[in-house]
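All remarks here apply to the structure that follows.
Please read these numbers as outputs of a predicted model, since none were measured by experiment.
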Amino acid sequence: MSTDEYSKCEFEQQRYRQTALFRALYTWLVFAFTVVLTGILILGLVFLWHKKWIEGVVTGTTSIVGGSGIKFLLDRRAEAVTEENEQAARVRAACDTASIAAMQTFAQRMKLFGMWR
């Protein structure tokens, strides 16, 4: 075996890290997109409060369209969660206890604000 080749455990761990990073990415995207849409919705309410009807309707429509974007991101995040769980099972099957503990430590570091996965 040359030094360029991975063991099965190393390969599965690398794939797990990649799938965990995609899950974290989608979690961040959902969070950021939700914050932006909330801001747009508040802006639309401010426009309506000040009787700027056209601007209020445009921002309201924007937030409705953005809601479909949130659904798309949540669907992709659900797929990423499934893939990460499947990959974690592969790592558990291919690796020893120390490698599994390292995988769990990595998963803990991927939490958004230390809370959400």
- Task: Would you indicate whether the side-chain heavy atoms of L29 and L25 approach each other to under 4.5 Å?
- Result: yes
- Message: My understanding is that only residues two or more places apart in sequence, or in another chain, count here; which of them pass salt bridge (charged side-chain N to carboxylate O under 4.0 Å, His left out) with R76?
- Response: E79
When the side chains of residues 30-50 are checked against the rest of the protein, which donor-acceptor pairs come out under 3.5 Å, sequence neighbours left out?
residue : atom : partner : partner atom : Å
T34     : OG1  : V30     : O            : 2.6
T38     : OG1  : T34     : O            : 2.7

- So how far is it from T19 OG1 to Q14 CD, rounded to the nearest 0.5 Å? 10.0 Å
- Query: Distance-only, no hydrogens or angles: does the E12 side chain make a donor-acceptor pair with backbone N or O of Q87 under 3.5 Å?
  - Reply: no
- Query: If we ignore angles and hydrogens, is there a donor and acceptor under 3.5 Å between the side chains of R15 and Q18?
  - Reply: no
- Query: At what distance, to the nearest 0.5 angstrom, does OG1 of T27 lie from CZ of F22?
  - Reply: 13.0 Å
- Task: Answer yes if the side chains of D96 and S99 hold a donor-acceptor pair under 3.5 Å, and no otherwise.
- Result: yes
- Message: Under the salt bridge (charged side-chain N to carboxylate O under 4.0 Å, His left out) test against R23, which residue among E86, E83, E84 passes?
- Response: E84
- Value for CG (D75) from CD1 (I70), rounded to nearest 0.5 Å, stands at 11.0 Å
